[in-house]
Amino acid sequence: MAITGDGTAAEGALPLHRGSATNRGPVQAAAMSGAREAENIGYRGPTACAAAGITYRQLDYWARTGLVEPSIRPAYGSGTQRLYSFRDVVVLKIVKRLLDTGVSLQNIRTAVQHLRARGLDDLTRMTLMSDGATVYECTSPDQVVDLLQGGQGVFGIAVGVVWRDVEGALSQLHGERVDTGETLIGKNPHDELARRRNRAG
């Protein structure tokens, strides 16, 4: 399915085929379980930047222009901190990759809306392909091959891989419980090394 700049999904060389939720593999099932647990955790701007590989300036600009807004808590004037969900951080990383490959901002906006509208199951199975002008959604290897053979796919982003990258990065960074505001300390191996040195010293 092509994601076009006017916000419509154009059926083209690649029709959309959704697999049933019961056909998830163990990796997808584990990702889904982790995502549901992470729904109660938010990430402040600097943490979201570190996990997505973007600058704070980019994050701020994208939030102010409505490209990627924090779904947990927007900034209300000075003194308040934006709080991003796990899905938001995945979308931030995908936006950076699309921008780096020269996809137009209009098409990126459409892709972001599409990603936000999809269920978590769909995201872990999805690959975004683009020829630089149009973004296509693929949900099976056959669809990726069809696109490449048709000359419509120049590069692809496997959303499930981005998902796991973000998950790994966030596990070492600080999060915040949405309900209590409690800070959750990430498992940073450098912190553990420092603690061991202090105990030994």
Side-chain angles (χ1 to χ4, degrees), residues 3 5 7 31 34-120 122-124 126-130 132-133 135 137 155-191:
I3 304 168
R36 290 199 177 96
E37 288 171 18
E39 284 176 355
N40 296 322
I41 302 171
Y43 302 95
R44 294 189 177 204
T47 300
C49 289
I54 61 174
T55 66
Y56 193 84
R57 189 173 181 175
Q58 285 174 306
L59 182 86
D60 185 55
Y61 179 73
W62 295 350
R64 285 188 291 107
T65 57
L67 180 61
V68 185
E69 297 175 280
S71 60
I72 295 178
R73 186 174 66 216
Y76 297 109
S78 61
T80 59
Q81 293 268 346
R82 295 185 186 105
L83 209 57
Y84 289 82
S85 69
F86 175 81
R87 181 202 286 254
D88 294 337
V89 181
V90 171
V91 171
L92 287 167
K93 194 172 182 78
I94 290 170
V95 167
K96 181 183 188 302
R97 290 196 179 177
L98 290 171
L99 279 172
D100 287 349
T101 49
V103 176
S104 74
L105 200 56
Q106 182 183 10
N107 280 334
I108 290 174
R109 281 187 183 280
T110 306
V112 167
Q113 290 167 1
H114 188 72
L115 288 168
R116 287 202 177 279
R118 306 298 276 164
L120 295 175
D122 297 325
L123 290 182
T124 57
M126 186 187 299
T127 298
L128 294 179
M129 300 288 292
S130 180
V135 180
E137 174 192 334
F155 69 90
I157 300 171
V159 178
V161 172
V162 175
W163 184 292
R164 287 191 294 277
D165 287 350
V166 168
E167 205 168 36
L170 288 176
S171 72
Q172 299 185 27
L173 298 166
H174 300 338
E176 183 177 311
R177 283 195 64 86
V178 175
D179 49 358
T180 64
E182 173 193 357
T183 298
L184 303 172
I185 308 298
K187 302 169 191 159
N188 191 323
H190 299 298
D191 291 345

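Keep in mind it's a predicted model, so treat the numbers as computed, not measured. These numbers come from the heavy atoms of this one structure, side chains and all, not from hydrogens, waters or symmetry mates.
- With a 4.5 Å cut-off on side-chain heavy atoms, E137 and D122 do not count as touching.
- You'll find the side chain of I72 stays beyond 4.5 Å of the side chain of E176, heavy atoms only.
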Practice task
Verify side-chain contact (heavy atoms from CB on, under 4.5 Å) between L184 and Y43, making sure each step is shown before the conclusion.
Solution key: CA-CA 10 Å; L184 303 172; Y43 302 95; over 6 Å; no
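- The heavy-atom pair separating L170 from A51 by the smallest distance is CD2-CB, 3.6 Å.
- Of the residues listed (V166, I41, V91), the one engaging F86 in a side chain to side chain contact (heavy atoms under 4.5 Å, CB included) is V166, and it is the only one.
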Practice task
Test V90 against L123 for side-chain contact (heavy atoms from CB on, under 4.5 Å), laying out the working first.
Solution key: CA-CA 10 Å; V90 171; L123 290 182; 5.8 Å; no
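- When side chains are defined from C-beta on, L99 counts as touching W62, because their heavy atoms get closer than 4.5 Å.
- Rounding to the nearest 0.5 Å gives a distance of 12.0 Å between OG1 of T127 and CZ of F155.
- Distance check, rounded to the nearest 0.5 Å: CD of Q81 to OG1 of T47 gives 9.5 Å.
- Of the possible polar contacts, none joining the D165 side chain to the V162 backbone as a donor-acceptor pair under 3.5 Å is found.
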Practice task
Start with the C-alpha distance between T124 and R164, add both sets of side-chain angles, then the distance that settles side-chain contact (heavy atoms from CB on, under 4.5 Å), and finish with yes or no.
Solution key: CA-CA 9 Å; T124 57; R164 287 191 294 277; over 6 Å; no
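- Residues A48 and L59 share a closest heavy-atom pair of CB-CD1, 4.4 Å.
- Note that the CD1 atom of I157 and the CG atom of L98 stand 4.0 Å from one another [nearest 0.5 Å].
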Handout entry: Evaluation steps, side-chain contact (heavy atoms from CB on, under 4.5 Å), between L83 and R44
Key = CA-CA 5 Å; L83 209 57; R44 294 189 177 204; 3.9 Å; yes
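- For the pair V159 and I94, the minimum side-chain heavy-atom distance is below 4.5 Å.
- The two residues K96 and G53 make their nearest non-hydrogen contact at CE-O, 2.7 Å.
- With a 4.5 Å cut-off on side-chain heavy atoms, V112 and E69 do not count as touching.
- When side chains are defined from C-beta on, L115 counts as touching M126, because their heavy atoms get closer than 4.5 Å.
- Among all heavy-atom pairs drawn from A63 and Y84, the shortest one is CB-OH, 3.8 Å.
- Other residues, nucleotides and ligands place no more than 12 heavy atoms under 6.0 Å from the OH atom of Y61.
- Using a 4.5 Å heavy-atom cutoff, the side chains of D60 and R82 are in contact.
- Residues V103 and S130 share a closest heavy-atom pair of CG2-OG, 3.6 Å.
- Counting only heavy atoms from C-beta outward, the side chains of L67 and Q58 never approach each other to under 4.5 Å.
- Atoms CH2 and CZ, on W163 and R87 in that order, are 6.5 Å from each other to the nearest 0.5 Å.
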